[in-house]
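Computed from a predicted structure; not experimentally measured. Below, chain A is the first sequence line, B the second, and so on; all start at residue 1.
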Protein chains: 2
Amino acid sequence: MGVVRKTQSVSLVLEAFKADSKAISVIDLVDRFNDKINKTTVYRVLDRLEDDGVLHSFLGVNGIKWYAPCKDCSEHKHSDVHPHFQCTDCGKIDCLNVDITIPKLPNREVVGAQVLIQGKCEACCN
Amino acid sequence: MGVVRKTQSVSLVLEAFKADSKAISVIDLVDRFNDKINKTTVYRVLDRLEDDGVLHSFLGVNGIKWYAPCKDCSEHKHSDVHPHFQCTDCGKIDCLNVDITIPKLPNREVVGAQVLIQGKCEACCN
DNA sequence: AGTATATTTGCAACTTAGTTGCATTAATAG
DNA sequence: CTATTAATGCAACTAAGTTGCAAATATACT
Ligand SMILES: [Zn+2]
Ligand SMILES: [Zn+2]
Ligand SMILES: [Zn+2]
Ligand SMILES: [Zn+2]
C-alpha cells in the first residue's frame, strides 16, 4: 500500500522531484532534508511513492539507490523501464527516453533489464 | 598493482572460479571460505585479481558485488564488457556473450554501460 | 638451506546504506 | 471535536565493505 495521507514529508519529497525532473539519490535526499525529515521517514516515503507509481528506483554506480519521477505508471504497474545515464564527472543521473533492445536469449526467459550508461553528461561536455 | 605472490588465498580463490565459470558473489566467497580466508583478505585478493585482468566485477541486483573470470583481459585493460544475466529464481549470474548496442546520445559522450538482464535461467526454465 | 625484504594476511575496529521495533504524533473520517 | 490509524522520530540494529597495524609468509639473494 502506498501513500494514504498527504503529509508534510510527502509534500517536501514531491517538491524536490518537481523542481527538476532529474533523478535524485537517497543519500542526497536524506542529506537535503536532514533537519526536516528523519532518515527513516525519507526511505519510507520514497518506498510508498514507488508503490504508487509516482517514482521509480534504480541503482547508480556503487550500488546506491536513486529515485526519479515516473511518466505513465500506476500502482503495481511500473511501465516505464528505460536506461539511465550517469555522468562520470558530476555523478548526476538522467532517465533516457530511448529503447534498448535486449537480444533473445536461448533457453532463458527475459523479464527485464537494468541498463546504466556511463559517460559525460551534456553539462560536463562543455 | 595486482597479484605479486602466489599465496594460498589466491590459489583458493582461483580454484573457485575454475570449478565452474559462472559469476560468484563476494558474499558467497566470503562465506565459502570463512574458515580458510579472512573476509578482508577475500576482498583484497579479488581486488588484485581484477587489477590483473584475471577477474572482472559488477553489481548484481541489490547492489552486491560479483566477480567472474575474464576472457581476454590484461592488467589495466578490461576489454570484456558484456551484459550479465541474473536469474530471478535462483539468483545466479552468467556472463553473456552477446553485444548490446548503446544508442547514440546527443550531446553526451558514452564511455560504457552496465547491463543486467533479469529473468529465468536455463536451469530454472525446466 | 638460511636470511633479508616486501607482500600478504588476520584481526579488530570502523564506515556507510539501509532496516526494524516501538512509542508518539498527526492526518483524515465521521 | 473526537476516534482511528497511518505516518513519524528515535535509537538500535544489520550487512557490505574498508582501514590501520602488527604478525606471517612468499620470494630473492647469498
Ligand atoms: Zn556531468
Ligand atoms: Zn528513470
Ligand atoms: Zn535460475
Ligand atoms: Zn561478466
I'd like to know whether A:K65 forms a side chain to side chain contact (heavy atoms under 4.5 Å, CB included) with A:L46, so could you lay out the CA-CA distance, the side-chain angles of the two residues, the decisive distance to 0.1 Å, and finally the verdict.
CA-CA 11 Å; A:K65 211 169 186 180; A:L46 292 169; over 6 Å; no

Run the side chain to side chain contact (heavy atoms under 4.5 Å, CB included) test on A:V61 and A:T88 for me, step by step, so that the C-alpha distance in whole Å, both residues' side-chain angles and the decisive distance to 0.1 Å come before the verdict.
CA-CA 9 Å; A:V61 102; A:T88 48; over 6 Å; no

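Protein atom NZ of A:K36 is 12 Å distant from nucleotide atom P of D:dG9, rounded to whole Å. In this structure, B:L12 atom CG and C:dT8 atom P are separated by 16 Å, rounded to whole Å. Here C:dG18 presents its P atom at 11 Å from CG of A:L29, a figure rounded to the nearest Å. Distance, A:D31 CG to C:dG18 C1': 16 Å, rounded to whole Å. Taking atom OH of residue A:Y67 and atom P of nucleotide C:dA17, one finds them 15 Å apart after rounding to whole Å. The separation between B:Y43 atom OH and D:dG17 atom C1' is 5 Å, rounded to whole Å. Distance, A:N38 CG to C:dA26 P: 14 Å, rounded to whole Å. Computed from coordinates, the B:K65 NZ to D:dT18 C1' distance equals 11 Å when rounded to whole Å.
Of the N and O atoms on the side chains of A:E50 and A:S57, at least one donor lies less than 3.5 Å from an acceptor on the other residue.
A distance of 15.0 Å separates NZ in A:K36 from OG1 in A:T41, rounded to the nearest 0.5 Å. Taken from CG in B:D28 to NZ in B:K92, the straight-line distance is 10.0 Å, to the nearest 0.5 Å.
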Summary of protein contacts for nucleotides 23-30 of chain D, nucleotide by nucleotide, where a base hit scores B, a sugar-phosphate-only hit scores S (4.0 Å, heavy atoms)
--BBS---

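In terms of polar N and O atoms assigned as donor or acceptor, the side chain of A:K39 comes within less than 3.5 Å of the base of C:dG18 in a complementary pairing. Side-chain atoms of A:R44 and base atoms of D:dG9 include a donor and an acceptor less than 3.5 Å apart.
Nearest nucleotide to the B:I27 side chain, out of C:dG10, D:dG17, D:dA11: D:dG17.
Residue B:Q8 places its CD atom among 12 or fewer non-hydrogen atoms of other residues, nucleotides or ligands, all under 6.0 Å distant. Under a cut-off of 6.0 angstrom, the local environment of CG in B:N62 is sparse, with at most 12 non-hydrogen atoms contributed by other residues, nucleotides or ligands.
Across all strands shown, A:V45 has heavy atoms under 4.0 Å from sugar-phosphate atoms exclusively, and none from any base. Counting non-hydrogen atoms under 4.0 angstrom, B:R48 reaches the backbone sugars and phosphates but no base.
In terms of phosphate contacts, B:S9 brings a side-chain nitrogen or oxygen within less than 4.0 Å of OP1 or OP2 of C:dT9. Taking 4.0 angstrom as the limit, B:T41 places a side-chain polar atom (N or O) nearer than this to OP1 or OP2 of C:dG10.
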